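Worksheet for the structure shown next.
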Amino acid sequence: MNLYALLESGFPKNPEDCALETQEGLYYSWRDLDRATAMMANLLKSLNLPQGSRVAVQVEKSPEALFLYLATLRAGYVYLPLNTAYQESEIEYFLENAEPAVVVCSSKNFSWISKIAFKSGTLNAFTLDENRTGSLLDRAAQCSDQFKTVKKADDDLAAILYTSGTTGRSKGAMLTHGNLGSNAQVLKEFWGWKKGDILLHALPIFHVHGLFVAAHGALLNGSKMIWLPRLDTAQLIKHLPRSTIMMGVPTFYVRLLLDPNFNQSVCKNMRLFVSGSAPLLTETFNTFQKVSGHTILERYGMSETVMLVSNPYQGSRVGGSVGVPLPGVEVRVVNESGSPCGVNEIGAIEVRGPNIFKGYWRMPEKTAEEFTNDGWFKTGDVGRWGGETSAGKVPDHYLCIVGRNKDLIISGGYNVYPKEIESFIDDMDGVEESAVIGIPHKDFGEAVMAIVVPKPGAKLNSQSMIDALKSKIANFKVPKRIEIVEGLPRNAMGKVQKNVLRQQYSH
Ligand code: MCA
Ligand code: AMP
């Protein structure tokens, strides 16, 4: 079934009800959403794109950006969202690799993005800005506001999400209508979505969390969303009293707790706070409980799998644990020989279920590498069942993530692959070699740090290196700190000992 048709089955009976309310006080009814997505779907249809065409989108968050996603589903094409922080070299790679038939970007970026797009074979480039302007809307305004949603099979692609690899370039995780639909239905039940729920939405919509978990949840439940362009704690506190559910990365909760205006009365109508994308510190979990009177529900997911494991809505939510496998999802923790670990034994986390992606875009070998012979997806995360956290005993059937066997930094919910940053640094003048690590950060959980060895006789300046990197890669990937050293610690095999560096720079 087309995912849009599934979501639509949850829309409220009265099309005049409010679907989205913006920070500026604009209201979009469900009828507005239906008409706008129909007009955009008609525009896409008029382009006569081949089946399976990709629609790549790098735009600021707005109601129209959400409508573009929904229109792409309705028209049966494949949505490819791109982080707004990505710069030229990053965009170049994604467009060359995905070969989208349509590219939509902000008007401020049109001149360089359209150039890259046309070079990659894209025939259609449009603009869309957050103030309801752009050539996409101009063209869609000339189209009919009636559209019959295209039929799709569960196995057809709905979206491609680029996720970096530990080695090599990013891989496009192919998610189907069935993957996304089944996950949305499971979460609706598991998190007790109910009539009257209002979602406070402040996450970006170019990743799984904001788009496929938060927005899908509200759409499938026919719930209004208070649609904020980005995380702004004052705005959250202003709108929380009218909301019942909010989802965020741990930084959302850390920042709310720092605001003296955040208290129990602000949360008086709240039913559920969800956290994910990065580990939630038990300290944040406990303090939030004291200050707000609410117990955060932590869950665990990936771009390749959507949501896998969650603390229960009914039943105990355990600090330091991500909870139990979602209905229909199988999770196992295995040791090096592939045998299941016992309770409190640490091993690799593997998963299986209707939510698991179809594979990496045009990378069959990489896809094969990430699955076991018996069909389980290797998450690259390391965990254990039960045991104990600083919050106390964890029930035996609850999962705790204790680390990763992939060299990955998660900063404020965004993934940064050290290898990619190291290659940019190593290409800089005067650099012999570098090591990039994650160090604890109060706001972002982890921050990117680089340790750099200069070439003999070369003089390096940390600030100039940071400034140079800012013009090349997405800002969240730029090291917050660079240390220039004479050499990197290595083991007997000559491998850089990142654990030694992490220990050295973690304070
Ligand atoms: C912004 N900066 C960052 C980050 N965000 N640096 C490191 N990590 C970040 N995440 C930079 C800015 O460019 C700026 O740099 C400086 O840090 C301060 O910016 P600030 O204004 O404080 O940042 P912000 O605009 O408030 O954003 C912080 C944020 C945002 C709200 C945490 O990063 C965010 O919305 N993160 C959510 C990511 C997310 O949705 N992840 C889900 C992925 P300078 O001062 O140098 O210019 S999906 C996923 O992971 C899986 C599937 C899952 O389980 O959900
Ligand atoms: P992404 O590539 O953006 O899909 O990020 C997925 C990764 O985020 C997972 O493999 C985990 O390492 C991490 N992650 C997501 N949720 C959690 C969580 N609740 N606790 C710890 N790590 C998490």
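Each ligand, and each atom within it, is numbered from 1 in the order the structure gives. What you are looking at is a predicted structure, and each value in this text was computed from that prediction instead of being measured.
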Closest protein heavy atom to atom 41 (N) of ligand 1, given as residue, atom name and distance to 0.1 Å: G413 O, 2.9 Å

Any heavy atom of V208 under 4.0 Å from ligand 2? The part involved is neither

Note: M247, heavy atoms under 4.0 Å from ligand 1, region reported as neither

When you compare ligand 2 with N415, is there at least one nitrogen or oxygen pair between them that comes in under 3.5 angstrom? yes

R299 heavy atom under 4.0 Å from ligand 2: yes

Hey, is atom 21 (O) of ligand 1 under 4.0 Å from any protein heavy atom? no

Using a 4.0 Å heavy-atom cut-off, say whether F476 meets ligand 1 through its side chain, its backbone, both or neither. both

Is it the side chain, the backbone, both or neither of S275 that has a heavy atom closer than 4.0 Å to ligand 2? neither

Does some non-hydrogen atom of the protein lie less than 4.0 angstrom from atom 9 (C) of ligand 1? yes

Could you identify the single nearest non-hydrogen protein atom to atom 33 (O) of ligand 1 and state the distance to 0.1 Å? Y414 CE1, 3.3 Å

N or O pair under 3.5 Å between T379 and ligand 2: no

Mark the output for S277 as yes if a heavy-atom distance to ligand 2 is under 4.0 Å, and as no if none is. yes

Please classify the E298 to ligand 2 contact at 4.0 Å (heavy-atom distances, strictly less than): side chain, backbone, both or neither. side chain

What do you think, any protein heavy atom under 4.0 angstrom from atom 28 (C) of ligand 1? yes

Does the protein put a heavy atom less than 4.0 Å from atom 17 (O) of ligand 1? yes

Is D381 in polar range of ligand 2, meaning some N or O pair under 3.5 Å apart? yes

I'd like to check whether Y300 has a polar contact with ligand 2, where a contact means an N/O of the residue lying under 3.5 Å from an N/O of the ligand. no

Among all the protein's heavy atoms, is there at least one whose distance to atom 48 (S) of ligand 1 comes out below 4.0 Å? yes

Is any side-chain N of the basic residue among E330 and R352 closer than 4.0 Å to the acidic one's carboxylate O? yes

Within the structure, is a non-hydrogen atom of R230 found at a distance of less than 4.0 Å from ligand 1? no

Could you verify whether a donor N or O on one side chain and an acceptor N or O on the other, from E422 and S434, lie under 3.5 Å apart? no

Around atom 37 (C) of ligand 1, find the nearest protein heavy atom and jot down its residue, atom name and distance. G412 O, 3.4 Å

Which is it for S277 and ligand 1 at heavy atoms under 4.0 Å: side chain, backbone, both or neither? both

For E304, state whether at least one heavy atom is located under 4.0 Å from any atom of ligand 2. no

Structural part of R299 in contact with ligand 1, heavy atom criterion under 4.0 angstrom: side chain

State if P204 counts as touching ligand 1 under the rule of any non-hydrogen atom under 4.0 Å. yes

Does a salt bridge link E90 with K477, judged by any charged N lying under 4.0 Å from a carboxylate O? yes

Using heavy atoms and a 4.0 Å limit, tell me yes or no: is K470 in contact with ligand 1? yes

